[in-house]
Visitor: 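Would you mind keeping the following structure in view while I ask a few things?
The sequence lines fix the lettering, A, B, ..., with proteins before strands; numbering per chain opens at 1.
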Number of protein chains: 2
Amino acid sequence: MSTSEQIVRAAPSRGRRSARAAGDERERAILTTAERLLERRSLAEISVDDLAQGVGISRSAFYFYFPSKDAVVLTLVDRVVEQAGAARDRALERQASDPSAAWREGIESFYEVFGAHRPVIRAVTDLSATNSEARELWSQVMDGWVSQVTEMIEAERTRGAAPRDLAARDLATALVQMNERVLHAIFIDETPAVGERQVIDTLTHVWRSAIYGACDER
Amino acid sequence: MSTSEQIVRAAPSRGRRSARAAGDERERAILTTAERLLERRSLAEISVDDLAQGVGISRSAFYFYFPSKDAVVLTLVDRVVEQAGAARDRALERQASDPSAAWREGIESFYEVFGAHRPVIRAVTDLSATNSEARELWSQVMDGWVSQVTEMIEAERTRGAAPRDLAARDLATALVQMNERVLHAIFIDETPAVGERQVIDTLTHVWRSAIYGACDER
DNA sequence: AAGCCTATCAACACCGTGTCGAGAATGCCG
DNA sequence: CGGCATTCTCGACACGGTGTTGATAGGCTT
């Protein structure tokens, strides 16, 4: 806890050109408005004008703060990405002490990070249809999870607890993508979808059996 | 010439208002043009004008044949859906004779149906971001697969070959969605993605172990 | 007061969509 | 043949959304 970040990450620069100003408030207001609107409507149904009106400025004033609607979403996503990274690291630490429980906990954090920001998740996947930056950002997130899981699988194999039939990375990729897809379906109320009450059990079962189960018959 | 199909299938009606005409040819030309263009560019990068020019008619003439760009894609998808249904039924028949081989074969047909129409698949997922009809159509396809797989799992359980830990339908949903996501990633060259050579093995392994493996520890 | 940022907006140019009404082209029937 | 309907095509328009630009206002510094 006690996150004492004094230096703001010089990072992405998706927002306004210059830093520092009273209008920082406006910038944040745009972000929260976007998140609020995304709870009710899909990204495609939200115009720059909606965003501007939601904050009480004109459409063109919006462009002072963000170069486009997409940039707003990407900024929102950046935050979630950061949280996802933290959750991932926490899950890794846990593995050292209790490998068997780690899978379920990893899946749970996946669920929580995604679930806490459903509108943002929905927006970034929608955006990925048209925006390559969104695709790259998201694939970076996925890649982080996959690498993590690959390492974890390999650790279990080294320990002698898991068989070596498949390339660990392929297996990890399939499992992580399953989680993404299954949770996404739940969060946007698709049908068919796994029941939300059972989702953790279901995913955990598939993970465990796939990782520890031998590949008897080819 | 001599096109002697007098009764056109009363089917989907996505296309032109009236039936019957020499312009049937044009309608088909639009569809093949769309499929061709989708091989190079994403749906968002294709305008109605591109489609019209590709066929050699004016943009407004296009609207005589289809009410919108989306309708063209949906028509294309209808075909694939039909093929998917056929592949699905074939897989089911196979199960009766050899339950153990059926899983792999089912996954292979999934792979083939998807793979044979990559541009169309890409288009319908992109379209789902903005078009509810696309979402419904696709979820119908998924639901078909899930129901099929649920039955197959239950058959194996009745036979005493598979344990009953999880709700069969939840498990089936997770597995089918995994396939969708994993194959989709491969087909649109995402990273991370499972290696295309190993994908059938990887997916089959996860399916088998999840279906036949007991859920030892909760 | 002069000058410089920050912030705001109206007006404009642009692009893609979908509609409408005015006709060609084609074919059928009397 | 000539008249009429259906099929098809197009130019012109209205609309809605995006992103840019140039003019301007207010505040803070020096």
Side-chain angles (χ1 to χ4, degrees), chain A residues 13-31 33-34 37-38 41-75 123 126-127 129-134, chain B residues 1-6 8 13-31 33-34 37-38 41-74 123 126-127 129-134:
Chain A
S13 80
R14 300 207 193 280
R16 213 164 59 275
R17 352 338 193 164
S18 68
R20 225 71 309 267
D24 261 9
E25 205 182 315
R26 280 275 159 82
E27 189 170 331
R28 244 175 300 124
I30 291 175
L31 289 169
T33 300
L37 293 184
L38 280 170
R41 306 184 243 165
S42 82
L43 182 60
E45 292 164 348
I46 298 173
S47 69
V48 171
D49 205 50
D50 294 330
L51 249 27
Q53 268 179 241
V55 189
I57 59 177
S58 77
R59 197 175 62 83
S60 39
F62 166 91
Y63 286 99
F64 179 79
Y65 295 99
F66 290 94
S68 68
K69 187 175 71 174
D70 290 7
V72 176
V73 175
L74 289 172
T75 306
D126 285 3
L127 194 56
T130 57
N131 183 308
S132 69
E133 204 175 342
Chain B
M1 28 216 80
S2 73
T3 52
S4 60
E5 352 109 318
Q6 40 243 61
V8 194
S13 81
R14 298 205 193 283
R16 214 163 59 273
R17 346 1 185 151
S18 69
R20 216 73 309 270
D24 262 9
E25 206 181 315
R26 280 275 159 80
E27 189 170 331
R28 244 176 299 123
I30 292 174
L31 290 169
T33 301
L37 293 184
L38 280 170
R41 306 183 243 165
S42 82
L43 182 61
E45 290 162 350
I46 297 173
S47 69
V48 170
D49 204 49
D50 295 330
L51 249 27
Q53 268 179 239
V55 188
I57 58 176
S58 77
R59 197 175 63 82
S60 38
F62 166 92
Y63 286 100
F64 179 79
Y65 295 99
F66 289 95
S68 69
K69 187 175 70 175
D70 290 6
V72 176
V73 175
L74 289 172
D126 284 5
L127 193 56
T130 57
N131 182 308
S132 70
E133 203 176 342

Visitor: So, under a plain 3.5 Å distance rule, would you say the side chain of B/Arg59 forms a donor-acceptor pair with the base of C/dG16?
Guide: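 Looking at the base of C/dG16, it does not pair with any donor or acceptor on the side chain of B/Arg59 (distance under 3.5 Å).
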
Visitor: What heavy-atom pair brings A/Leu37 and A/Ile46 nearest, and what distance separates the two atoms?
Guide: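 Closest approach of A/Leu37 to A/Ile46: CB-CD1, 3.6 Å.
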
Visitor: Whole angstroms only, please: what is the CZ-C1' distance between B/Phe64 and D/dT7?
Guide: 6 Å

Visitor: Please name the pair of heavy atoms, one in B/Ala123 and one in B/Leu38, separated by the smallest distance, quoted to 0.1 Å.
Guide: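 Minimum heavy-atom separation between B/Ala123 and B/Leu38: CB-CD1, 3.8 Å.
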
Visitor: Rounding to an integer number of Å, can you tell me how far B/Phe62 CZ sits from C/dT19 P?
Guide: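 Between P of C/dT19 and CZ of B/Phe62: 12 Å.
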
Visitor: A/Arg26 has an atom CZ; how far is it from atom P of C/dT6, in whole Å?
Guide: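 Atom-to-atom, A/Arg26 to C/dT6, this comes out as 16 Å.
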
Visitor: Indicate the atoms forming the closest heavy-atom contact of A/Ile57 with A/Phe62, along with that distance.
Guide: CD1-N, 3.8 Å

Visitor: Starting at CZ of A/Phe66 and ending at P of D/dT20, how long is that distance when rounded to a whole Å?
Guide: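 Atom CZ in A/Phe66 sits about 16 Å away from atom P in D/dT20.
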
Visitor: Please report the distance, rounded to the nearest Å, between CD in A/Glu27 and P in C/dT6.
Guide: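 My rounded result for the distance is 13 Å.
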
Visitor: Ignoring hydrogens and geometry beyond distance, is the side chain of B/Ser60 in donor-acceptor contact with the base of D/dG11 at under 3.5 Å?
Guide: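 Side chain to base: pair found, below 3.5 Å.
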
Visitor: Is any side-chain nitrogen or oxygen of A/Tyr65 closer than 4.0 Å to OP1 or OP2 of C/dT8?
Guide: yes

Visitor: Look at the side chain of B/Ser47 and decide which nucleotide, out of C/dC9, C/dA7, C/dG16, has an atom nearest to it.
Guide: C/dG16

Visitor: For the pair made of CG in B/Asp49 and C1' in C/dT17, what is the distance, rounded to whole Å?
Guide: 11 Å

Visitor: Roughly, in whole Å, what's the span from CG in A/Leu51 to C1' in D/dG19?
Guide: 15 Å

Visitor: What is the separation between atom OH on B/Tyr63 and atom C1' on C/dG21, rounded to the nearest whole Å?
Guide: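 B/Tyr63 atom OH is separated from C/dG21 atom C1' by 17 Å.
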
Visitor: For the residue pair A/Ala134 and A/Leu74, what are the closest heavy atoms and their distance?
Guide: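 A/Ala134 and A/Leu74 have their closest heavy atoms at CA-CD2, 3.8 Å.
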
